[in-house]
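Within every chain, numbering begins at 1; the chains are lettered A, B, ... in the order of the sequence lines, protein sequences first and strands thereafter.
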Amino acid sequence: MERYAKEIVEKAVRSLGAGQVDIEFEVPREEFGDLATPVAMALSKLLRKAPRKVAEEIVGAIEEKEVFERIDIAGPGYINFAFSKKYLISLTKELISLKEKFIRRDTGKGMRVQVEFVSANPTGPLHLGHGRGAAVGAALSNLLEAAGYSVEREYYINDAGRQVKLLGLSVFAKYQQQLGLEYPFPEDGYRGAYVEDLAGKIVAGHGSRYSEMSFQEAQDFFTDFSYKEMLLEIEKDLKDFGIVFNTWQSERELYAKHEIEKAIDDLMLRGRTYDKDGALWFKATDFGDDKDRVIRKSDGELTYFASDIAYHRKKIEKGFAEIIDIWGADHHGYISRLKAVIQALGYGPEHLTVLLVQMVSLLRGGKPVQMSKRAGEFVTLREVMDEVGSDTAKFIFLTRRPDSHLEFDLEVAKEQSAENPVFYVQYANARINSIFKNAKEKGIDVSGLEGSDFSLLSAGEEMRILKKLLAYPRVFESAAVSHEPHRITFYLQELTGLFHPYYNKYRIVTDETELTRARLALCEGVRIVLKDGLGILGLTAPEKM
RNA sequence: GCGCCUGUAGCUCAGUCGGAUAGAGCAACUGCCUUCUAAGCAGUGGGCCAGGGGUUCGAAUCCCUUCAGGCGCGCCA
């Protein structure tokens, strides 16, 4: 509904000869109307006329008067629009018959986008911070896909570095110890209970077969076994959390397919590297990074950054129009060097978007829970899923801006469970479902509701719901372009915040068949939008609660 | 020391790229179930938008600065 209003106002402004102006709309407080624009105030300086005078001229130039019930000039120079009921009804009918097609404008036009998220090292189970990244990444992917982009959801597996080897060593040490042998546990080894479990599995499966070996001899087996087990667990956790990936990119594979050398050669050919002190450096400072970065150390080992270069080069080669990386905020220092890589490879820095998801501090009953993967102290995503439920956890993650710090109090999340906003939203869907069931039992025809007589909807609550429904495309669109799924979450709470009181005050299914059908149509609209929003957020839409 | 993020109701958080009287949930208190689901509804209270300067018709929002919290600054991964 905003799109059309915008065209109308744009036309009017143009006819005043004001040239190209970006027309902003906002949704004002109800008594002012449905849409408002401060454009006259912005123009007043340009045209050197009083804002209210400009507003009058704009209003005078508007031709499509029948769309609006009234157009007012108010305050310092706002133009407030109130749509005519007839226009609102025609749009609502479209919503009900066209469903998603009405909601979505094809902004993406099939452009390919990759969203990489979670990408936790397979050296331990996923913890709560990964859960936040997963919820946000999945929701963003869904959002972009719905907006017409072709989205690839990728998980990058760090299966090549020192960390997985350290996991292997940790398990090896526990294995020896479980067999009653002396073996020093590595200083900075992984200490979680899952390391014992991995060792136990090897003892159970292979007995003392590796007890006489040095780690040197056994490391391939221990490392591979351990990280692959962890990866299986991670995959299962994500699956149970309702997160789907399309591709899993292994770091080892980059090595195996010589992608690393190719990438380094590429940068060398482009003249973006140099040798110093026996090491190979990338000239990150050419593209605004603070310092140059080492690709190959003087001992010949490649750095982790070398893999990152190859990995991002591969993303580019796959031909994505935009690459989105979702990282924990503790990695923010790496943005500039990777943007430098993108540019060194000949692309604009905007080709890569890094979305930072801020840290999650975990509390239990107001007291902080220390999180350290190495020390084995952490609360896993699995535990949180079991304790508070996936939908609740996701909802908590998705009611915050990704870049705001999050305090996740397990006790509060559990206590609130009964009163949790997620249920409030889902409950509306269940309720509507129940209403339809009731209507069918009473023998009411619930098909072809877009053809019902909407003019029978006269209550203020009904018009308010209707307008809220029609505002959804705007919310959806803005959430997609700004990469902020949480806007959907808040919107759904507002929508259901209108629906529940309405339900409570009015009876939907009555003896008056036509009125019933009109109200059912309104419910149908709510249901369409609710399901769409919940789906994007990756939440279930239960039919019964 | 430098860089990034954050500071809004008792708590957890929104605030539509500068707009009208700053919002929601939770917590607290008072009422509502013979009627489509009470995971609901009606109502009450609650704020120097961390502090201070500036920019302009107009600032929670932009700039400067101070304070507080978090994170990051390796030939680590």
All N/O contacts under 3.5 Å from nucleotides 75-77 of chain B to the protein, with atom names and distances to one decimal?
unit_1, atom_1, unit_2, atom_2, d
B:rC75, O2, A:S298, N, 2.7
B:rC75, O2, A:S298, OG, 2.9
B:rC75, N3, A:S298, OG, 3.3
B:rC75, N4, A:D277, O, 3.0
B:rC75, N4, A:D277, OD2, 3.4
B:rC76, OP2, A:K297, NZ, 2.7
B:rC76, N4, A:Y334, OH, 2.9
B:rA77, OP1, A:K297, NZ, 3.4
B:rA77, O3', A:R162, N, 3.2
B:rA77, O2', A:Q163, NE2, 3.2
B:rA77, N6, A:Y334, OH, 2.0
B:rA77, N1, A:Y334, OH, 3.2

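- For B:rA24, the paired nucleotide is B:rU12, the pair qualifying as Watson-Crick or G-U wobble because both relevant distances are below 3.5 Å.
- Taking the O4'-C1'-N9-C4 or O4'-C1'-N1-C2 dihedral as appropriate, B:rC33 has a value within 90° of 0 and is therefore syn.
- Look at CZ on A:F25: it is 17 Å from P on B:rA20, rounded to the nearest Å.
- Ion pairing between A:E57 and A:K53 holds under the 4.0 Å rule for side-chain N and carboxylate O.
- The 5' end of RNA chain B is approached more closely, in terms of each residue's nearest nucleotide, by A:Y506 than by the other of A:A329 and A:Y506.
- Remark: C1' of B:rG72 and CG of A:D330 are 8 Å apart, rounded to the nearest angstrom.
- Remark: B:rU61 base-pairs with no nucleotide in the shown strands. Criterion, Watson-Crick or G-U wobble with two distances under 3.5 Å.
- Using a 4.0 Å cut-off between a side-chain N of Lys or Arg and a carboxylate O of Asp or Glu, A:R519 and A:E524 do not qualify as a salt bridge.
- Taking atom C1' on both nucleotides, B:rG47 is separated from B:rU8 by 8 Å, rounded to a whole Å.
- When both distances must be under 3.5 Å, the Watson-Crick or G-U wobble mate of B:rG18 does not exist.
- Remark: A:R104 does not engage A:E477 in a salt bridge, criterion side-chain N to carboxylate O under 4.0 Å.
- With a cut-off of 3.5 Å on both pairing distances, B:rC49 has no Watson-Crick or G-U wobble partner at all.
- Judged by distance alone, the side chains of A:D308 and A:Y334 never bring a donor and an acceptor atom under 3.5 Å apart.
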Give the intermediate values and the outcome of ring pair (Phe, Tyr, Trp, His ring centres under 6.0 Å) for residues A:Y311 and A:Y156. CA-CA 9 Å; A:Y311 179 38; A:Y156 179 58; 4.0 Å; yes
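- For A:D330, there are no side-chain hydrogen bond (donor to acceptor under 3.5 Å, both in side chains) partners, not counting sequence neighbours.
- In this view, A:Y491 and A:K468, A:Y472, A:V475, A:L495, A:V529 satisfy the side-chain contact (heavy atoms from CB on, under 4.5 Å) rule, not counting sequence neighbours.
- Separation of the C1' atoms belonging to B:rC17 and B:rA50 is 24 Å when rounded to the nearest angstrom.
- Across all strands shown, B:rC32 forms a Watson-Crick or G-U wobble pair, both distances under 3.5 Å, with B:rG40.
- Of the nucleotides present, none pairs with B:rC76 by Watson-Crick or G-U wobble criteria with both distances under 3.5 Å.
- With rounding to whole Å, A:L515 atom CG is found 14 Å from B:rC36 atom C1'.
- For A:H500, no side-chain nitrogen or oxygen approaches OP1 or OP2 of B:rA42 to under 4.0 Å.
- Sorted by first then second residue, the salt bridge (Lys or Arg N to Asp or Glu O under 4.0 Å) pairs that include residues 497-509 of chain A, not counting sequence neighbours, are A:E461-A:K505.
- In this structure, OH of A:Y491 is placed 16 Å from C1' of B:rA24, rounded to the nearest angstrom.
- The phosphate of B:rC41 has OP1 or OP2 within less than 4.0 Å of a side-chain N or O from A:Y424.
- The side-chain hydrogen bond (donor to acceptor under 3.5 Å, both in side chains) test applied to A:Y304 returns A:N158, not counting sequence neighbours.
- Nucleotides B:rG58 and B:rU66, compared at atom P, are 27 Å apart to the nearest Å.
- Taking A:R252 as the reference, A:D159, A:A160, A:T223, A:D224, A:Y227, A:S250 meet the side-chain contact (heavy atoms from CB on, under 4.5 Å) condition, with sequence neighbours excluded.
- B:rC67 and B:rG53: their C1' atoms are spaced 15 Å apart (whole Å).
- The side chain of A:A36 approaches B:rA20 more closely than any other nucleotide in the set B:rG70, B:rA20, B:rA38.
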Atom pairs, protein N/O to nucleotides 26-33 of chain B N/O, distance under 3.5 Å:
unit_1, atom_1, unit_2, atom_2, d
B:rC26, O2', A:Q416, NE2, 3.1

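- Of the P atoms belonging to B:rU61 and B:rG15, the separation is 14 Å, rounded to the nearest Å.
- Nucleotides B:rG25 and B:rC33 have their C1' atoms positioned 24 Å apart, rounded to a whole Å.
- Residues passing the side-chain hydrogen bond (donor to acceptor under 3.5 Å, both in side chains) test with A:E26, sequence neighbours excluded: none.
- Per the geometry, CG belonging to A:N429 stands 14 Å off C1' belonging to B:rA39, to the nearest Å.
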Under 3.5 Å, which protein N or O atoms sit close to an N or O of nucleotides 56-60 of chain B? Give each pair with its distance.
none

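- Checking the phosphate oxygens (OP1, OP2) of B:rA38, a side-chain nitrogen or oxygen of A:R431 falls inside 4.0 Å.
- Toward the 5' end of RNA chain B, the nearer of the two residues A:Q493 and A:F32, judged by each one's closest nucleotide, is A:F32.
- Under the 4.0 Å criterion applied to side-chain N and carboxylate O atoms, A:E484 and A:R487 are assigned as salt-bridge partners.
- Nucleotides B:rG54 and B:rA60 have their P atoms positioned 15 Å apart, rounded to a whole Å.
- Set against B:rA38, B:rC41, B:rA14, the side chain of A:F490 has B:rA14 as its closest nucleotide.
- For residues 279-290 of chain A, every residue pair satisfying the salt bridge (Lys or Arg N to Asp or Glu O under 4.0 Å) rule, not counting sequence neighbours, is listed here: A:R272-A:D286, A:D289-A:R293.
- Using a 4.0 Å cut-off between a side-chain N of Lys or Arg and a carboxylate O of Asp or Glu, A:E301 and A:R162 qualify as a salt bridge.
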Collect all protein-nucleotide pairs involving nucleotides 2-11 of chain B in which both atoms are nitrogen or oxygen and the distance is under 3.5 Å.
unit_1, atom_1, unit_2, atom_2, d
B:rG3, N2, A:H332, NE2, 2.6
B:rC5, O2', A:Q358, NE2, 3.1
B:rC5, O2', A:D403, O, 2.8
B:rC5, O2, A:H405, NE2, 2.9
B:rU6, OP1, A:R401, NH2, 3.2
B:rU6, OP1, A:D403, OD2, 3.3

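- To the nearest whole angstrom, the two C1' atoms, one in B:rC2 and one in B:rG74, are 16 Å apart.
- The listed nucleotides are B:rC41, B:rC36, B:rA39; the one nearest the side chain of A:V509 is B:rC36.
- Residues satisfying the side-chain hydrogen bond (donor to acceptor under 3.5 Å, both in side chains) criterion with A:H500, sequence neighbours excluded, are A:R431.
- Interface remark: the A:R474 side chain does form a donor-acceptor pair with the B:rU16 base, using a distance-only criterion of under 3.5 Å.
- Remark: A:S336 OG to A:K291 NZ distance equals 10.0 Å, nearest 0.5 Å.
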